[in-house]
2 protein chains.
Amino acid sequence: MTPITIYDIAREADVSVSTVSRVLNDTAPVRASTRQKVLSIIEKHQFQPNALARSLIKKETGTIAIILPDITNPFFPEVFSGAENEARGLGYTFFLCNTGGDHDRESEYLSILREKRVDGIIFLGGRVNLQNCPEDMAQELNDIAERLPIVLVNGNLPKSRIHRVYTDEAAGAVLAVKHLLDLGHREIAFVGGLQKMSTTMLKVKAVQKTLKEHGLEIPKDRLLLGSFSIDDGKRLMSELLEQDNRPTAVMCVNDYTAIGAIKATIEHGLSIPKDVSIVGYDDTPLATAVIPELTTVSQNTYQLGKLAVDILHELILQKKPRRNTTLQPELIVRQSTGPAPAKI
Amino acid sequence: MTPITIYDIAREADVSVSTVSRVLNDTAPVRASTRQKVLSIIEKHQFQPNALARSLIKKETGTIAIILPDITNPFFPEVFSGAENEARGLGYTFFLCNTGGDHDRESEYLSILREKRVDGIIFLGGRVNLQNCPEDMAQELNDIAERLPIVLVNGNLPKSRIHRVYTDEAAGAVLAVKHLLDLGHREIAFVGGLQKMSTTMLKVKAVQKTLKEHGLEIPKDRLLLGSFSIDDGKRLMSELLEQDNRPTAVMCVNDYTAIGAIKATIEHGLSIPKDVSIVGYDDTPLATAVIPELTTVSQNTYQLGKLAVDILHELILQKKPRRNTTLQPELIVRQSTGPAPAKI
DNA sequence: GTGAAAGCGCTAACAA
DNA sequence: TTGTTAGCGCTTTCAC
């Protein structure tokens with residue numbers, strides 16, 4: 001099929017393989033006429049050097065990988081997009097490893113990626129986002145990080161020295177609550193997110209803390225956790241709205257649940273933001289797709305991916321990039337939040 | 001860093017490299033005690049065989065690639081998801097190549113993937129979706145397909161023998177128009193999509209043909225093409241609504257533009273579906289995220305990805321899968337379509 | 001400026 | 001059941 005090698009080229013050009021290699025890699029001077037001859041034969045056969053053989057020697061593959069939980073959740077394509085774009089510019093190709101949040105699958109991929117000798121790994125979500133990552137899973141990652149550059153995006157690992165790029169998720173949550181407080185809201189609920197994920201609890205705690213500073217709190221029946229899906233947002237919001245004393249504002253763990261919350265609210269015949277204000281998180285493209293457009297917290301998702309690659313690249317180059325890179329979140333006020341309704 | 005090889009293992013276990021290789025690959029019987037010894041040493045050193053060296057010999061990498069235009073467009077993650085899930089089961093890892101619809105980038109990736117010796121390629125969108133794919137671009141793909149398994153998803157290439165998996169997009173459009181006709185609509189418009197893409201024109205033509213069979217047509221000023229974005233859907237729909245004689249139903253090239261159309265409609269103070277019916281295409285997760293929920297055509301996106309991998313896998317195994325695999329689209333009726341309003 | 005030859009880490013005959 | 005050895009296709013000294 002593709003039996004044509006550098007030897008075939010060499011023979012036909014009547015030079016040695018090293019010469020062919022030299023024109024291929026521009027690694028030493030070659031006489032112009034020789035180079036031309038070689039080049040034309042390469043062209044003629046559409047010869048493509050075997051990257052496997054080259055990588056075997058050079059100990060670099062020009063390949064990096066990203067491990068993430070769910071590419072169909074619009075947050076991740078955005079990160080990927082930023083990462084891929086940067087990586088391509090730096091000469092890398094990307095493995096995309098979708099784990100479905102399954103930790104075994106994470107381990108599987110980790111193992112495969114080591115065998116395939118990727119130059120580095122970007123790890124998102126999953127075990128890295130757990131409130132309490134089990135010792136062995138953390139260990140596995142730490143071990144690998146000893147041998148292979150790894151960058152965690154928006155995650156953390158207990159007592160680990162792995163490099164990280166992340167937004168200050170708590171600060172983003174604070175921004176959102178303050179916005180609601182400024183609008184006069186006092187009855188605030190929190191909706192969505194798995195309790196075991198730090199993405200969820202980081203926000204919950206930040207909200208609680210901020211409210212406390214204002215002499216307020218989230219009562220238990222207004223703290224409704226679940227998953228990150230539209231459906232759960234809808235379901236939980238319904239519960240909230242059916243309570244005797246419904247909140248005037250709801251902070252959601254992400255845009256997906258916020259959209260579910262919007263749907264539930266409207267189905268209950270209420271108006272946004274007149275009756276209820278809703279704020280999301282992530283500023284995915286969905287945020288401007290819904291009516292009313294969603295007030296949400298931007299994490300600079302694209303930038304997150306880009307920076308992760310930059311750090312990874314420096315790591316690969318054996319430079320010493322800073323261990324932590326943080327991005328400031330930003331509140332994007334749109335139409336789903338407004339002044340608190342007058343007291344009933 | 002990772003200087004440990006099969007030789008180190010062999011030496012320490014006091015066996016030959018071939019024995020180690022045998023226990024690694026289970027390629028020939030090895031005495032149980034020997035196997036145990038080798039295994040324990042492998043374990044001890046966390047040894048991972050170098051897949052590059054192996055691939056170099058076996059001429060297979062266990063890697064496939066997907067080339068697609070835009071992973072942030074929710075249609076593609078869905079395809080990818082179906083593909084990845086199937087591929088993982090078959091032992092493949094996935095390169096994701098995002099081209100932004102840029103044909104040069106497609107070529108670049110094609111070249112890199114050949115060098116990296118991927119086992120096969122799935123190609124989506126871009127040149128494969130052009131109404132008129134330039135000869136040279138088609139040629140490039142055909143050439144590669146001679147040497148490397150390729151499957152096109154929802155695309156086509158003039159006089160090419162490349163394998164394809166696709167939904168009958170025209171049939172889907174017909175389903176949608178008939179639905180509108182059944183609801184009594186006679187004033188139907190088409191919105192969105194690049195004219196140069198076959199995804200667009202396939203639908204346009206199908207709609208025109210169906211209307212013609214009913215003595216109807218889409219007048220020029222009701223055929224507004226553009227891009228595939230939410231913004232363009234919104235912009236074009238606005239144009240439509242500002243015409244003297246606005247249509248009662250709009251068929252959109254995809255869900256993204258349909259959502260834009262919904263936004264424009266509501267901003268114009270009209271009600272959906274009472275005043276205007278809107279239908280999308282693709283049945284992305286967005287379709288149920290908006291209010292009203294979108295009537296749309298499902299392409300079985302996930303299945304599309306899965307099947308593409310199945311066909312690719314057979315090709316890799318040198319089997320002879322059928323050249324064309326089609327999937328029937330399905331109309332999903334939700335809330336954005338309803339009876340045509342009484343004549344004005 | 002160019003060639004010969006020794007690997008990179010593994011698999012796969014071929015012997016034993 | 002196990003070991004020896006010749007590659008896979010390339011890069012890289014080291015000579016010339």
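Numbers restart at 1 for each chain; the letters A, B, ... are given by sequence-line order, proteins then strands.
A sub-4.0 Å separation between OP1 or OP2 of C:dG9 and a side-chain N or O of A:Lys59 is present. In this model, the phosphate group of D:dT11 is approached by a side-chain N or O of A:Asn25 to a distance below 4.0 Å at OP1 or OP2. For D:dT1, neither phosphate oxygen OP1 nor OP2 lies less than 4.0 angstrom from any side-chain nitrogen or oxygen of B:Thr34. Contact annotation: B:Ser16 reaches the phosphate of D:dG3 (side-chain N/O to OP1 or OP2, under 4.0 Å).
Residue-level contact check: A:Thr19 touches the backbone only, with heavy atoms under 4.0 Å from sugar-phosphate atoms and none from bases.
A straight line from CD1 of B:Ile9 to P of C:dG9 spans 13 Å, rounded to a whole angstrom. Atom CD in A:Glu60 sits roughly 13 Å away from atom C1' in C:dC8 (whole-Å rounding). The distance between atom CG of A:Asp26 and atom C1' of C:dG1, rounded to the nearest whole Å, is 14 Å.
The listed nucleotides are D:dT2, D:dG3, D:dT11; the one nearest the side chain of B:Val15 is D:dG3. When distances are taken from the side chain of A:Arg31 to each of C:dT2, D:dT12, D:dG9, the shortest belongs to C:dT2. Considering only side-chain atoms of B:Lys58, the nucleotide from D:dT12, C:dA12, D:dC8 that sits closest is C:dA12.
In this structure, the side chains of B:Ser55 and B:Arg117 stay at 4.5 Å or more apart for every pair of heavy atoms. By the 4.5 Å heavy-atom criterion applied to side chains, A:Leu124 and A:Asn154 are not counted as neighbours. With contacts defined as side-chain heavy-atom distances shorter than 4.5 Å, the pair B:Leu148/B:Leu113 does not qualify.
Between A:His313 and A:Tyr92, the angle of the ring planes goes over 60°, which puts this pair in the perpendicular group of the 30/60° scheme.
Two residues, B:Ile57 and B:Ala28, neighbour DNA chain D, and the one matched to the more 5' nucleotide by heavy-atom proximity is B:Ala28. Toward the 5′ end of DNA chain D lies the nearest nucleotide of B:Arg22, the other residue of the pair A:Ser18 and B:Arg22 mapping further downstream.
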